[in-house]
Peer 1: 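Once you've had a glance at the structure underneath, I'll fire off some questions.
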Amino acid sequence: MREHIPFLDLKDVNARQRDELIAAFTEVLDAGWFIHGKQCEAFEAEFAAYCEAKHCVSVSNGLDALHLILRAMSIGPGDEVIVPSNTFIATWLAVSFAGATPVPVEPREDTCNLDPELIAAAITPRTRAIIPVHLYGQPADMDPILEIARRHGLKVIEDAAQSHGARYHGKRTGSLADAAAFSFYPGKNLGALGDGGAVTTSDPELAQRVRMLSNYGSRKKYVHEAAGFNARLDEVQAALLRVKLRQLDADNAIRQRLVGIYTQELASLPLTLQAAPQGIESVWHLFTIRHPERDHLQAELSTMGVGTAIHYPTSPHRQGAYAATALGKLALPISDRIHAETLSLPLSPVHTEKEVLQVAEAVQRAVVKIGATDC
Ligand SMILES: *Cc1c(COP(=O)(O)O)cnc(C)c1O
């Protein structure tokens with residue numbers, strides 16, 4: 001049993017597939033082909049099938065996946081894109097890089113995902129798209145979002161960077177809207193051993209445009225039809241991701257089982273857990289709890305040998321990229337509250353039930369202690 005329970009240990013996560021990963025690397029080394037080859041092609045086919053989407057284009061990372069989708073949809077200067085007020089900043093930055101303006105909409109307090117009821121009020125004649133984020137691995141409430149988008153002629157882009165394998169009314173994220181962006185950052189549910197990303201869509205033209213833009217604006221070698229980017233996945237990462245994709249469903253099932261234990265053990269404590277609505281199957285990229293004295297709780301857990309993390313400490317509109325702009329002056333109290341109160345507990349496919357029970361017990365002791373000093 002580990003004395004210190006880490007928040008996440010990627011060395012242990014990947015050690016389970018060590019031999020297969022080394023074999024995959026060796027295959028690429030021996031093939032001597034490193035960009036856009038057989039491994040990318042095979043991974044794209046396998047990941048598209050996994051997501052129940054018709055097409056997958058592998059790209060360099062999740063931020064580029066979002067950015068390229070927006071570019072491929074010709075969304076740019078003068079356009080507005082609705083984004084959640086609480087998300088990892090990449091969702092906003094992708095919109096900014098495309099030259100468009102992110103328009104934040106607050107989440108529901110219970111699910112922490114975009115509140116469909118607040119979207120209509122944010123739509124203007126300049127609005128072109130909505131980017132719901134499947135935060136912490138839980139699909140956003142897509143049906144009402146897609147309905148509003150349809151009524152106003154808007155595109156819907158899933159930010160699926162945290163939701164590989166999650167389902168909304170039986171359908172996988174990545175197949176729920178016009179296009180989806182995935183990240184394979186090492187700590188994600190499907191993580192590379194470096195950076196990686198993908199776009200999934202069932203629109204063949206959009207897929208081709210994303211592919212073209214990701215490869216110097218070129219469909220044919222040395223013919224550059226647009227000012228594109230170098231945003232490709234490499235063969236080594238594609239080969240490693242193919243190995244890890246084989247493990248993804250089993251890993252997600254472990255996360256779901258461990259979260260079942262957390263939920264049961266923490267139910268009676270004065271904490272807020274992410275609500276899990278009917279018809280939604282989260283893959284629990286993160287298991288978060290909310291407490292008004294989050295920083296105090298984190299410090300107490302740390303002294304008890306429990307590693308935690310904060311996703312995320314600051315709302316995007318308060319970050320340096322936006323604080324001095326008009327966005328920085330917005331009042332987004334729900335997002336601010338979520339950022340101030342949320343703490344992520346240890347969770348990964350190599351954490352054990354026993355460790356989760358230990359963490360839950362530590363949380364209980366810490367919460368009681370904090371409660372006592374409050375009075
Ligand atoms: C990780 C993440 C991204 C960005 O992915 P990178 O591969 O790090 O560029 C985008 N959106 C969300 C919600 C994320 O969690």
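Atoms within a ligand are numbered from 1 in the order they appear, just like the ligands themselves.
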Peer 1: Out of His67, Lys188, His134, who gets a non-hydrogen atom closest to atom 14 (C) of ligand 1?
Peer 2: Lys188
Peer 1: Do Tyr322 and Leu93 pass the side-chain contact (heavy atoms from CB on, under 4.5 Å) test, and can you show the C-alpha distance, the side-chain angles, and the key distance before you say yes or no?
Peer 2: CA-CA 10 Å; Tyr322 297 106; Leu93 287 178; 3.5 Å; yes
Peer 1: So which protein heavy atom does atom 13 (C) of ligand 1 come closest to, and at what separation?
Peer 2: Asp159 OD2, 3.5 Å
Peer 1: Quick one, Thr272 and Glu109 - any side-chain contact, counting heavy atoms below 4.5 Å?
Peer 2: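 With C-beta onward as the side chain, the pair stays apart.
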Peer 1: For atom 9 (O) of ligand 1, which protein heavy atom lies nearest, and how many Å away is it?
Peer 2: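 Sorting protein heavy atoms by distance from atom 9 (O) of ligand 1 puts Leu63 N, 2.9 Å first.
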Peer 1: Measure the distance from atom 4 (C) of ligand 1 to every protein heavy atom, then report the residue, atom name and distance (to 0.1 Å) of the closest one.
Peer 2: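 Nearest neighbour among protein heavy atoms for atom 4 (C) of ligand 1, to 0.1 Å: Ala90 CB, 3.7 Å.
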Peer 1: Would you kindly specify which portion of Val133 sits under 4.0 Å from ligand 1, judged on non-hydrogen atoms: side chain, backbone, both or neither?
Peer 2: side chain
Peer 1: Between His164 and Phe182, what is the ring plane arrangement, given parallel below 30°, perpendicular above 60°, and tilted in between?
Peer 2: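 Taking Phe182 first and then His164, their aromatic rings sit tilted (interplane angle of 30° to 60°).
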Peer 1: Would you check whether Ser183 has a nitrogen or oxygen atom less than 3.5 angstrom from a nitrogen or oxygen atom of ligand 1?
Peer 2: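 N/O-N/O distance under 3.5 Å: yes.
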Peer 1: State the atoms of ligand 1, each with its element, that fall below the 4.0 Å cut-off from a heavy-atom position in Tyr312.
Peer 2: 15 (O)
Peer 1: Between Tyr312 and His339, how do the two ring planes meet: parallel, tilted or perpendicular, split at 30° and 60°?
Peer 2: tilted
Peer 1: Below 4.0 angstrom, N of the basic side chain to O of the carboxylate: do Arg167 and Glu52 qualify?
Peer 2: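 Salt bridge between Arg167 and Glu52, a charged N being under 4.0 Å from a carboxylate O: yes.
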Peer 1: Taking 4.0 angstrom as the limit and counting only heavy atoms of Asn61, give me the atoms of ligand 1 inside it, by number and element.
Peer 2: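 Once the distances to Asn61 are compared, the set is 7 (O), 9 (O).
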Peer 1: At under 4.0 Å between heavy atoms, is it the side chain or the backbone of Phe182 that contacts ligand 1, or both, or neither?
Peer 2: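 Neither; nothing of Phe182 gets under 4.0 Å from ligand 1.
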Peer 1: Looking at Arg151 and Glu147, does any basic side-chain N land under 4.0 Å from a carboxylate oxygen?
Peer 2: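 Looking at Glu147 together with Arg151, the answer is yes, because their closest N to O distance falls below 4.0 Å.
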Peer 1: Output a table of donor-acceptor pairs, distance under 3.5 Å, between side-chain atoms of residues 42-51 and any protein atom two or more places apart or on a different chain; print 'none' if there are none.
Peer 2:
unit_1	atom_1	unit_2	atom_2	d
Glu44	OE1	Arg211	NH1	3.3
Glu44	OE1	Arg211	NH2	3.0
Glu44	OE2	Ser58	N	2.8
Glu44	OE2	Ser58	OG	2.7
Glu44	OE2	Arg211	NH1	3.3
Glu46	OE1	Arg242	NE	3.1
Glu46	OE2	Arg242	NE	3.2
Glu46	OE2	Arg242	NH2	2.8
Tyr50	OH	Asp249	OD1	2.7

